Amino acid sequence: MTHYEGDLRTVGGARYAIIASRWNARITDALVAGARKELAGNGVAEDAIDVIRVPGAWEIPVVAARLAAGGGHAAIMALGCVIRGDTRHYEHVADGCAEGLMRVQLDYRLPVLNGVLAVEVAEDAEARAGGSHGNKGEEVALAAVEMVNLLEKLA
């Protein structure tokens, strides 16, 4: 039996994209900083990371699709924050973004990591952007490095 598993060794020449929402900037800035820190800590050079800012989470999937179609990145990380409000808009944005990211991932056979927080209140987002629940940007970056490594082994 053959066993395949990715690890945190960086694949040479791999480029990474971080697409981050500007909406809820205090949270998303912390997610981006966490992702960049983990990528650097795992040997990804600063010039191998592209950070693309979009207005909100709703706009992330179309940019992910454009980047995936271009073929220049080994993985794409989506970072954002959607906080429940008084209307159903929250569900539309959070669900639509997640579905769009999954579609890009499957259509292009490229790791597209979903680090878009969908939370009830701002305090939940703060807890996941460097607070008591860690930093989901860091977790997404580690998963991106591991997935690139795994896909390289499966090639």
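Because only heavy atoms are used, hydrogens play no part in the values below, and waters and symmetry mates are left out as well, while side chains stay in. For this chain, numbers begin at 1 and follow the sequence in order. Small disclaimer: the values here were computed from a predicted structure and weren't measured.
- P55 is not listed as a side-chain neighbour of S21, based on a closest heavy-atom distance of 4.5 Å or more.
- In this structure, the salt bridge (charged side-chain N to carboxylate O under 4.0 Å, His left out) partners of D50, at least two apart in sequence or on a different chain, are R15.
- For R36, the CZ atom sits in a loose shell: 12 or fewer heavy atoms of surrounding residues, nucleotides or ligands are nearer than 6.0 Å.
- Here the closest non-hydrogen pair linking P61 and A57 is CD-O, 3.5 Å.
- Expressed to the nearest 0.5 Å, how far SG of C81 lies from CH2 of W23 amounts to 11.0 Å.
- E59 contributes a side-chain N or O that, together with a main-chain N or O of G56, makes up a donor-acceptor pair within less than 3.5 Å.
- Residues in residues 108-127 take part in these salt bridge (Lys or Arg N to Asp or Glu O under 4.0 Å) pairs, two or more places apart or across chains: R26-E126, R84-E120.
- Atom CD1 of I76 is separated from atom CZ of R66 by 12.0 Å, given to the nearest 0.5 angstrom.
- By the 4.5 Å heavy-atom criterion applied to side chains, L106 and M102 are counted as neighbours.
- Here the shortest heavy-atom pairing between I52 and A17 reads CD1-CB, 4.3 Å.
- Heavy atoms from other residues, nucleotides or ligands lying under 6.0 Å from CZ of R103 number 12 at most.
- Put simply, M147 and V112 are part of two different groups of oily side chains (I, L, V, M, F, W, Y) that touch within less than 4.5 Å, one to the next.
- V119 belongs to a hydrophobic cluster whose remaining members, ordered by chain and number, are L8, V11, Y16, I18, I27, L31, V32, L39, V44, I49, V51, M77, L79, I83, L113, L117, V140, L142, V145, V148; membership requires side-chain heavy atoms of ILVMFWY residues under 4.5 Å apart, directly or through intermediates.
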(Q) Test side-chain contact (heavy atoms from CB on, under 4.5 Å) on V104 and L110; report intermediate values, then the result. (A) CA-CA 8 Å; V104 172; L110 176 78; 5.7 Å; no
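- Smallest separation of non-hydrogen atoms from A48 and A14: CB-O, 3.7 Å.
- Around atom NE2 of H92, more than 12 heavy atoms belonging to other residues, nucleotides or ligands sit under 6.0 Å away.
- N135 contributes no side-chain N or O that, together with a main-chain N or O of R128, makes up a donor-acceptor pair within less than 3.5 Å.
- A donor-acceptor pair under 3.5 Å links the side-chain atoms of N149 to the main chain of R9, judged by distance alone.
- The salt bridge (Lys or Arg N to Asp or Glu O under 4.0 Å) contacts involving residues 140-155 comprise D7-K153, where partners must be two or more places apart or lie in separate chains.
- With sequence neighbours excluded, no residue satisfies salt bridge (charged side-chain N to carboxylate O under 4.0 Å, His left out) with R22.
- Closest approach of G96 to W58, counting heavy atoms only: CA-CZ3, 4.1 Å.
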Q.
H3 vs E5, test: side-chain hydrogen bond (donor to acceptor under 3.5 Å, both in side chains). Steps then yes/no.
A. CA-CA 7 Å; H3 177 84; E5 186 172 348; 3.1 Å; yes
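- By the side-chain contact (heavy atoms from CB on, under 4.5 Å) test, L154 is found to be paired with Y4, L150, L151, residues two or more places apart in sequence or in another chain being considered.
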